[in-house]
Peer 1: 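Quick one: this structure, given as structure tokens, is what I'll be asking you about.
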Amino acid sequence: MTLTTAPRGTFDLMPQQALVWQWMESKIRDVLLSYGYGEIRTPIFEHTELFQRGIGETTDIVEKEMYTLTDKGGRSLTLRPEGTASVVRAYIQHKLYGQAPVTKLFYIGPMFRQERPQAGRFRQFHQFGVEMIGEESPVADAEVIILAHDLYCQLGLTALEIHLNTVGCPECRQEYKAALTSALEAEAEALCSTCRMRLVRNPLRLLDCKSPTCQEVISRVPSIHNYLCADCRDHFDQVTTLLKQVGVKYKLSPKLVRGLDYYTRTVFEVINNDLGAQNALCGGGRYDGLVAECGGPAVPGVGFASGIERLFTTLEQQGKIPELASGPQLYVLPLGEELTVVAFELATALRRQGFSVEMGNGTKSLKAQLKTAHKAGAVYTLILGEDEWRERQVTLKAMADGSQKRLPASGLLEEITELVSPRGPKVPLREE
RNA sequence: GUGGGCGUAGCUCAGCUGGUUAGAGCGCCAGGUUGUGGCCCUGGAGGCCGAGGGUUCGAAUCCCUCCGUUCACCCCA
């Protein structure tokens with residue numbers, strides 16, 4: 001059983017689906033490149049410590065979701081559970097801060113978290129994400145949010161919500177945390193057990209607890225917006241102003257805090273409410289302390305990560321996945337075993353001219369082979385039967401309307417070139 | 001890690017309160033057309049009914065255990 005089943009929470013992408021993924025990936029790359037982001041490909045695993053330091057020791061990801069292994073040299077390595085830490089590590093390692101004031105990078109690839117799978121959640125899943133490092137202006141926050149918005153628009157998606165909030169800087173957040181804690185301690189009895197834990201360890205995370213009784217208590221608690229310092233207040237106002245300026249709609253979500261420790265000031269999510277319980281298509285925000293925390297200079301950063309499986313589901317729901325035909329241009333169809341060799345030569349010659357060509361099994365009937373060609377989505381079939389081959393001719397049949405005509409094998413290439421253009425590169429003919 | 005649903009043909013699923021050789025649709029293969037696909041008709045192949053144990057004269061059906069899967073909680077993409 002285990003031998004013939006992909007591990008829990010993982011899946012195979014079969015050829016038809018892989019076409020769709022290639023399509024999504026190329027769209028994503030097009031948009032990100034046009035916004036000035038360069039692709040970075042980092043290792044799929046890193047030193048465990050990077051994630052512990054970067055993401056935060058008390059986060060769920062680090063506490064219970066990492067795939068960690070010890071290699072033969074005794075090093076602790078971890079399959080990356082997210083992309084930002086690796087990008088920041090590479091940024092520091094390659095001293096990109098010395099090359100330009102602002103660095104704009106994107107990544108796309110698999111991530112790994114050991115959680116129980118459910119709708120929209122996998123153990124190996126795929127994300128793309130952007131990181132803009134070195135820019136502290138709110139313009140950067142706005143650019144990143146608008147990029148996410150525009151990218152989804154480019155893909156044809158509608159009815160998505162942008163949820164926006166700020167979690168302040170370490171200073172004003174500390175004040176807010178204190179206020180929050182004292183406000184909640186009086187009512188600690190009414191909170192759920194995990195929230196009572198959070199009250200001590202990370203009171204901010206308590207805000208988005210889904211338990212109705214907790215929410216009832218939380219609804220009476222002061223908002224972080226009353227505790228922001230002047231700079232954070234100003235920063236957030238400018239972000240919202242910029243979004244309004246370019247007509248990007250958002251919802252203010254004062255209880256949005258996000259689960260990774262590195263966020264400062266702006267945090268946001270893009271939500272698709274039709275996705276089920278795991279409805280975040282993308283999440284991100286500003287992380288002004290992360291680069292320093294990871295051993296680099298004190299430079300600010302902002303970015304987001306977007307789930308590709310969830311993007312796929314959303315595209316599917318909204319009917320935005322185009323037909324991606326994959327049938328061969330030509331289907332060479334020999335009748336009888338003797339002509340199979342001739343057909344094989346012909347198919348090879350056509351492939352070397354860049355045409356996509358499939359070939360039938362010459363021991364099967366014409367009818368059976370035509371059926372196969374039809375199912376494969378062939379545009380034309382080339383029938384190689386004894387009758388025509390006696391005169392060194394083949395029958396070219398258009399599958400769309402069934403029309404067909406005989407052609408001399410010698411002039412075949414010219415005829416075909418007029419009908420279809422090659423999909424692939426020409427292989428140079430070898431010199432005799 | 002916790003809880004609920006579901007595991008029957010390649011796929012989607014019937015199979016009532018246990019009762020002889022386990023079914024349908026789609027797909028696949030072949031034939032109806034001595035060399036012509038799509039539509040139609042006919043036939044065929046294909047199942048240790050998730051695995052193991054138990055109850056019973058008898059289990060796909062009832063009970064237990066395990067495995068897988070799915071949804072939800074926690075949390076997140």
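Throughout, protein chains are lettered first and strands after them, A, B, ... in sequence-line order, and every chain is numbered starting at 1.
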Peer 1: Roughly how many Å is it from CZ in A/Arg310 to C1' in B/A77, rounded to a whole number?
Peer 2: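 So the two atoms are 4 Å apart, to the nearest Å.
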Peer 1: Could you check which nucleotide pairs with B/G7 in any of the strands shown, counting Watson-Crick or G-U wobble with both distances under 3.5 Å?
Peer 2: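 Partner of B/G7: B/C67.
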Peer 1: Using modelled atom types only, decide if a donor and an acceptor are shared between the side chain of A/Asp12 and the backbone of A/Met14 within a distance under 3.5 Å.
Peer 2: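 Side chain of A/Asp12 to backbone of A/Met14, a donor-acceptor pair under 3.5 Å: no, none is there.
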Peer 1: Once you apply the 3.5 Å cut-off to both distances, tell me the Watson-Crick or G-U wobble partner of B/C48, or none.
Peer 2: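 Matched B/C48 with nothing under the 3.5 Å cut-off.
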Peer 1: Could you identify the nucleotide paired to B/G43, looking across every strand shown and requiring Watson-Crick or G-U wobble geometry with both distances under 3.5 Å?
Peer 2: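 B/G43 is paired with B/C29.
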Peer 1: Evaluate the side chain to side chain contact (heavy atoms under 4.5 Å, CB included) criterion for residues A/Phe122 and A/Phe112: first the C-alpha distance (whole Å), next the side-chain angles of each, then the deciding distance (0.1 Å), finally the verdict.
Peer 2: CA-CA 8 Å; A/Phe122 306 89; A/Phe112 306 85; over 6 Å; no
Peer 1: Roughly how many Å apart are B/G38 and B/G31, using the P atom of each and rounding to a whole number?
Peer 2: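 That atom pair is separated by 13 Å.
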Peer 1: Are the aromatic rings of A/Tyr227 and A/Tyr176 close, with centres under 6.0 Å apart?
Peer 2: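 Ring centroids of A/Tyr227 and A/Tyr176 are less than 6.0 Å from each other.
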Peer 1: What is the distance, to the nearest angstrom, from the NZ atom on A/Lys364 to the P atom on B/G35?
Peer 2: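 My rounded result for the distance is 16 Å.
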Peer 1: Could you work out the separation of B/U42 and B/G47 based on their P atoms and round it to a whole Å?
Peer 2: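 Roughly 24 Å separates the two P atoms.
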Peer 1: Pick the closest RNA chain B nucleotide for A/Leu281 and for A/Leu335 by heavy atoms, then say which residue is nearer the 5' end.
Peer 2: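 The residue mapped nearer the 5' terminus is A/Leu335.
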Peer 1: Which nucleotide, in any strand shown, forms a Watson-Crick or G-U wobble pair with B/G35, with both distances under 3.5 Å?
Peer 2: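 Paired with B/G35, as far as the under-3.5 Å criterion goes, is no nucleotide at all.
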Peer 1: Students often get this wrong, so: under 4.0 angstrom with heavy atoms, is A/Glu82 touching a base, only sugar-phosphate, or nothing?
Peer 2: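 Since no nucleic acid heavy atom lies under 4.0 Å of A/Glu82, the category is nothing.
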Peer 1: When both hydrogen-bonding distances must be under 3.5 Å and the geometry is Watson-Crick or G-U wobble, what is B/U21 paired with, if anything?
Peer 2: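 Base partner found: none.
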Peer 1: In the strands shown, is B/G58 matched to any nucleotide by a Watson-Crick or G-U wobble pair with both distances under 3.5 Å, and which?
Peer 2: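 Base partner found: none.
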Peer 1: I want to confirm an ordering. Mapping A/Arg406 and A/Gln278 to their closest nucleotides on RNA chain B, which one lands closer to the 5' end?
Peer 2: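 Comparing both residues, the 5'-ward one is A/Arg406.
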Peer 1: Can you give one letter per nucleotide of nucleotides 36-46 of chain B, 5' to 3': B if a protein heavy atom sits under 4.0 Å from the base, S if only from the sugar-phosphate, - if neither?
Peer 2: BBB--------
Peer 1: Which whole number of Å gives the distance between the C1' atom of B/G43 and that of B/A51?
Peer 2: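 So the two C1' atoms sit 36 Å from each other.
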Peer 1: Counting any heavy atom closer than 4.0 Å, what does A/Ala305 reach on the DNA or RNA strands: base, sugar-phosphate only, or nothing?
Peer 2: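 Counting heavy atoms under 4.0 Å across all strands, the contact made by A/Ala305 is with sugar-phosphate only.
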Peer 1: Pair A/Tyr287, A/Ile133 - check side chain to side chain contact (heavy atoms under 4.5 Å, CB included), show working.
Peer 2: CA-CA 9 Å; A/Tyr287 44 85; A/Ile133 307 176; 4.0 Å; yes
Peer 1: Can you tell me, in whole Å, how much space there is between the C1' of B/G27 and that of B/G35?
Peer 2: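 Rounded to whole Å, the distance is 26 Å.
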Peer 1: Mind calculating the distance between CZ (A/Arg123) and C1' (B/G1) to the nearest angstrom?
Peer 2: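 These atoms are roughly 11 Å apart.
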Peer 1: Looking just at side-chain N and O atoms, do A/Thr10 and A/Gln124 make a donor-acceptor pair shorter than 3.5 Å?
Peer 2: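 No - no donor-acceptor pair under 3.5 Å links their side chains.
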Peer 1: To the nearest Å, give me how far apart CE (A/Met111) and P (B/A77) are.
Peer 2: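 Distance, rounded to whole Å: 11 Å.
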Peer 1: Mind checking the P distance from B/U21 to B/G5? Whole angstroms is fine.
Peer 2: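 Each nucleotide's P atom is 32 Å from the other's.
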Peer 1: Send over the distance from A/Phe125 CZ to B/A77 P, rounded to a whole Å.
Peer 2: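 Value for this atom pair: 7 Å.
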Peer 1: Pick the P atom in B/C6 and in B/U61, then give their distance to the nearest Å.
Peer 2: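 Result for the P pair: 14 Å, nearest Å.
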Peer 1: Whole angstroms only, please: what is the CZ-C1' distance between A/Phe112 and B/A77?
Peer 2: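 Computing the A/Phe112:CZ to B/A77:C1' distance gives 14 Å.
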Peer 1: Quick one: salt bridge (charged side-chain N to carboxylate O under 4.0 Å, His left out) partners of A/Glu143, sequence neighbours excluded?
Peer 2: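 Salt bridge (charged side-chain N to carboxylate O under 4.0 Å, His left out) list for A/Glu143, sorted by chain: A/Lys104.
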Peer 1: Pick base, sugar-phosphate or nothing for A/Gln369, based on heavy-atom distances below 4.0 Å to the nucleic acid.
Peer 2: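 Nothing, no nucleic acid heavy atom in range.
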Peer 1: Can any side-chain N or O of A/Ser306 pair as donor or acceptor with the backbone N or O of A/Phe128 at less than 3.5 Å?
Peer 2: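 No, because the side chain of A/Ser306 does not come within donor-acceptor range (under 3.5 Å) of the backbone of A/Phe128.
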Peer 1: Give a yes or no answer on whether the side chain of A/Asn165 reaches the backbone of A/Pro254 with a donor-acceptor pair at less than 3.5 Å.
Peer 2: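 Confirmed, A/Asn165 side chain pairs with A/Pro254 backbone.
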Peer 1: Using distance alone, with no hydrogens and no angle criterion, decide if A/Tyr107 and A/Ser86 have a side-chain donor and acceptor under 3.5 Å apart.
Peer 2: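 A/Tyr107 vs A/Ser86: no donor-acceptor pair found between side chains.
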Peer 1: Looking only at atom C1', what distance separates B/G44 and B/U55, rounded to whole Å?
Peer 2: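 My reading of the C1' atoms in B/G44 and B/U55 gives 40 Å.
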Peer 1: For atom P, what is the distance between B/C29 and B/C16, given to the nearest Å?
Peer 2: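 Here B/C29 and B/C16 have their P atoms 34 Å from each other.
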Peer 1: Report the distance from atom CD of A/Gln118 to atom C1' of B/G4, rounded to the nearest whole Å.
Peer 2: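 Rounding to the nearest Å, CD of A/Gln118 and C1' of B/G4 are 13 Å apart.
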Peer 1: Under 4.0 Å: is that the gap between some side-chain N or O of A/Arg121 and OP1 or OP2 of B/C71?
Peer 2: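 No, A/Arg121 has no side-chain N/O under 4.0 Å of OP1/OP2 on B/C71.
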Peer 1: With a 3.5 Å limit on both atom pairs, tell me what B/C73 is paired to, counting Watson-Crick and G-U wobble, or say none.
Peer 2: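 Across any shown strand, B/C73 pairs with B/G1.
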Peer 1: Output the rounded distance in Å from CZ (A/Arg116) to P (B/C67).
Peer 2: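 Distance check: A/Arg116 CZ to B/C67 P gives 11 Å.
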Peer 1: For B/G68, does either OP1 or OP2 sit under 4.0 Å from a side-chain N or O belonging to A/Arg8?
Peer 2: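 Checking A/Arg8 against B/G68: at least one side-chain N or O falls below 4.0 Å of OP1 or OP2.
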